[in-house]
Amino acid sequence: MSGVYGRGHSQVNCGSKGSDTHKHKDKYKDKEHRHKEHKKDKEREKIKHSNSEHKDHSEKKHKDKEKLKHSNGSSDKHRERHKEKDKDKEKRREEKIQSSYLDKPKKEKENGYVRDTSPAAIKSEPEEDNGFYPSPHHIKTSKREYDDEEFEHKPKKVKVEHDKKAKKRKHEYEDDEEEEDVKHKKKTKDKKLTEGKKAKKEEEEKWKWWEEERYTDGSKWRFLEHKGPVFAPPYEPLPDNVKFYYNGKPMKLSGPAEEVATFFAKMLDHEYTTKDIFRKNFFKDWRKEMTSEEKCVLTDLNKCNFSEMNEYFKIQSEAKKQMSKEEKLKIKEENERLLQEYGFCIMDNHKERIGNFRIEPPGLFRGRGDHPKMGMLKRRIRPEDIIINCSKDSKHPKPPPGTKWKEVRHDNKVTWLASWTENIQGSIKYIMLNPSSRIKGEKDWQKYETARRLKKCVDRLRSQYRDDWKSKEMRIRQRAVALYFIDRLALRAGNEKEEGETADTVGCCSLRVEHIKLYPKMDEQEYVVEFDFLGKDSIRYYNKIPVEKRVFKNLQLFLENKQPEDDLFDRLNTSILNKHLQELMDGLTAKVFRTYNASITLQQQLKELTCPDENIPAKILSYNRANRAVAILCNHQRAPPKTFEKSMQNLQNKIDEKQSQLSAARKQLKAAKADHKASHNDKSKKAVEVKRKAVQRIEEQLMKLQVQATDREENKQIALGTSKLNYLDPRISVAWCKKWGIPIEKIYNKTQREKFAWAIDMADEDYEF
DNA sequence: GGGCTAACTTAGGAGCCGATAT
DNA sequence: ATATCGGCTCCTAAGTTAGCCC
């Protein structure tokens with residue numbers, strides 16, 4: 001990794017996973033421990049520039065921590081309090097979960113807006129209008145269009161065709177450049193129309209929602225119909241010959257206990273099952289499923305032997321692999337059938353793909369990092385747990401025979417089709433549409449438009465936060481320094497998290513003193529800040545950057561009289577920060593900076609790295625390098641693939657082989673040339689040409705392999721997918737492809753092309769983020 | 001304004017599956 | 001024909017943000 005990746009700041013981001021991380025985590029374990037013992041002492045903060053309004057805030061922020069003012073005795077008190085709080089929470093959650101078990105149907109929500117707007121969905125299509133289907137988006141302007149009759153039936157025809165006369169959509173958030181895009185498109189579209197029906201066949205499948213108007217009333221749809229979720233297959237008891245042993249003796253388990261045991265048995269090869277917390281949580285929850293007799297006997301997980309069960313599952317999966325073609329085909333067909341039946345819904349006249357139509361099967365919770373709840377039992381979700389969301393006037397999904405839904409509601413202010421409450425954290429899980437859907441695509445597009453608006457005012461914001469570094473008020477200085485980190489390092493906002501409920505990870509606002517180190521001088525550089533913390537998914541962020549003197553001085557000030565486990569920004573949280581950002585620019589939040597900086601970095605890097613004369617593989621390497629710069633900025637890491645070394649070796653072998661091929665081919669060319677010199681006839685001339693071509697071809701192949709090797713090596717611990725999918729304005733990539741004649745397939749695979757269909761359709765080579 | 005939490009985006013890893021090597 | 005590999009899809013955890021209630 002060379003300096004190519006910088007964004008003009010010299011920074012060394014050597015975040016790492018793997019063994020390093022483990023060491024790191026251990027370190028964190030210790031710290032976590034200390035963290036619990038040692039609580040924040042509000043009294044400590046004698047901040048120089050404090051004034052009255054600060055106090056209010058910090059008081060609240062450290063509400064539970066302040067009880068510890070007087071170190072010793074109060075620490076216990078605090079812990080007690082904490083425990084109580086936990087208990088309270090537990091209770092609340094249990095209540096919540098309990099209530100989700102009961103199928104007391106809540107009274108149907110009578111949302112005015114539902115009735116108000118749903119008819120639009122069922123607007124029948126005026127045939128006489130030559131293929132012009134009124135867009136559901138027109139509703140807001142055309143209430144008069146529907147009459148009562150239409151209220152009660154569903155769309156007669158699901159639209160799979162895009163509006164041929166679709167009006168150009170007016171996106172308030174767009175700027176003028178878009179205008180031209182659309183004009184251009186219209187031309188091509190008209191051309192297509194004249195091309196006749198043959199060409200239309202494929203075209204028909206694609207609905208260009210981005211050429212339609214959006215809803216402006218906050219509703220997400222007018223009509224929604226679906227078949228409900230697919231439930232996890234029921235538990236199949238083990239055959240009698242597969243035994244579980246306790247203390248060396250075989251023991252037949254009751255159904256529920258056996259099922260939970262199989263969850264553990266299936267994971268025996270996984271590192272999880274060696275972790276204490278995992279084992280403890282698993283055993284506790286497992287015992288809840290046991291009969292009272294089993295509970296008496298099974299008291300020690302260490303005496304449990306699941307290996308026969310584990311073996312059985314291995315054989316099963318082996319057998320599955322060995323199945324005949326026909327059997328495999330049958331399964332495939334069954335999956336396809338399920339997908340066709342449950343994998344799609346009808347939203348506003350269009351058939352749309354659902355993202356996750358299968359309910360999560362029961363199993364053991366796999367929290368990431370040092371998650372305090374890992375190993376807990378994720379219970380089986382039943383129809384009685386599910387809330388269905390659909391149009392009132394749609395064909396409601398049927399619960400499996402003999403069951404009921406928890407509730408059926410008709411809320412078109414949300415995008416989900418079904419939801420349930422999960423039992424580990426008590427949070428809600430949703431069934432939503434695929435990224436290729438209109439509803440997700442619009443949001444995605446909008447996200448990039450917001451980032452582009454930030455581009456227009458980022459200079460202003462930057463000079464403002466630089467000014468704020470000098471503020472008299474502590475809270476403003478903290479806000480300004482945090483914003484600087486978010487902007488320059490693409491840190492996440494960093495919400496506060498419940499201690500003990502999740503892994504101890506942080507983002508910008510939740511950084512603690514222990515996460516940064518200040519070096520007035522380091523090597524050649526002055527004012528270096530070293531970051532070392534665990535971020536989302538417990539991925540380590542490690543970075544050293546030189547900062548402006550003023551930032552450095554501020555940080556020193558923030559650190560004064562604090563303990564390692566105190567908050568760095570004690571006068572700041574995400575809510576304060578985002579409220580501030582909202583005032584600076586409409587729609588601005590902390591994460592917009594990540595999107596903006598990612599996208600602008602890609603654009604800059606592409607400009608810098610692409611050599612016009614290079615061939616396509618080399619250009620793609622440049623693209624990947626630009627992408628990599630972003631992934632590094634956003635700290636998107638992956639565990640080096642298990643087979644990394646081997647696969648590199650394989651590639652190297654291929655390169656060696658190609659190289660010897662090349663020298664052989666060169667020799668042949670030389671010989672042919674000599675031959676031609678001697679004979680000077682057409683035949684020998686041709687032979688030279690043939691050989692020359694061969695050399696050229698092999699050279700190209702070799703080059704391609706070498707590029708591939710470089711790319712893979714550089715990508716060892718970097719994951720490009722996340723930034724590609726979530727942070728990079730796809731129009732930048734599309735424009736780049738068009739500019740250099742690179743097929744879009746080289747950059748985006750099929751799924752990605754589906755997700756970014758809007759961008760592929762609308763961006764031309766001049767697009768500027 | 002804080003606490004709570006619903007709704008939605010972002011995230012890495014597991015495991016499947018089809019292409020390619022043997 | 002079978003084994004291996006690498007990309008892709010699926011899965012679901014873990015974030016962010018807005019909005020409600022008090």
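This one's a predicted model, so the numbers in the text were calculated from it and none came from an experiment. Order of the sequence lines fixes the chain letters, A, B, ..., with proteins taken first and strands second; residue numbering starts at 1 for each chain.
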Applying a 4.0 Å non-hydrogen cut-off, can you work out what [X] is touching in the nucleic acid: base, sugar-phosphate, or nothing?
X: A/Lys332; answer: sugar-phosphate
X: A/Ser575; answer: nothing
X: A/Arg753; answer: nothing

Distance test, side-chain N/O of A/Arg638 to OP1/OP2 of C/dG7, below 4.0 Å: no
Aromatic ring pairing A/Phe278/A/Phe264, orientation class (parallel under 30°, perpendicular over 60°, tilted between): tilted
Aromatic ring pairing A/His270/A/Tyr272, orientation class (parallel under 30°, perpendicular over 60°, tilted between): parallel
Is the shortest distance from a Lys or Arg side-chain nitrogen in [X] or [Y] to a carboxylate oxygen in the other one below 4.0 Å?
X: A/Lys413; Y: A/Asp411; result: no
X: A/Lys332; Y: A/Glu327; result: no
X: A/Glu333; Y: A/Lys330; result: no

Heavy-atom protein contacts under 4.0 Å, nucleotides 13-18 of chain C, coded B base, S sugar-phosphate only, - none: SBSBBS
Out of [options], which has the shortest distance to the side chain of [X]?
X: A/Asn749; options: B/dC8, B/dA11, C/dC8; value: C/dC8
X: A/His636; options: C/dC5, B/dG12, B/dT9; value: B/dG12
X: A/Ser647; options: B/dC8, B/dT9, C/dG6; value: C/dG6
X: A/Thr722; options: C/dT9, B/dG12, C/dC10; value: B/dG12
X: A/Thr751; options: B/dC8, C/dC8, C/dT12; value: C/dC8
X: A/Lys447; options: B/dT10, C/dT12, B/dG12; value: B/dT10
X: A/Ile428; options: C/dG6, B/dA6, B/dT10; value: B/dA6

Value in whole Å for how far the P atom of C/dT9 lies from NZ of A/Lys724: 12 Å
cation_pi(A/Lys373, A/Phe365) dist<6.0 Å, angle<=45: no
Residue pair A/Ile277 / A/Met374, side-chain heavy-atom distance below 4.5 Å: yes
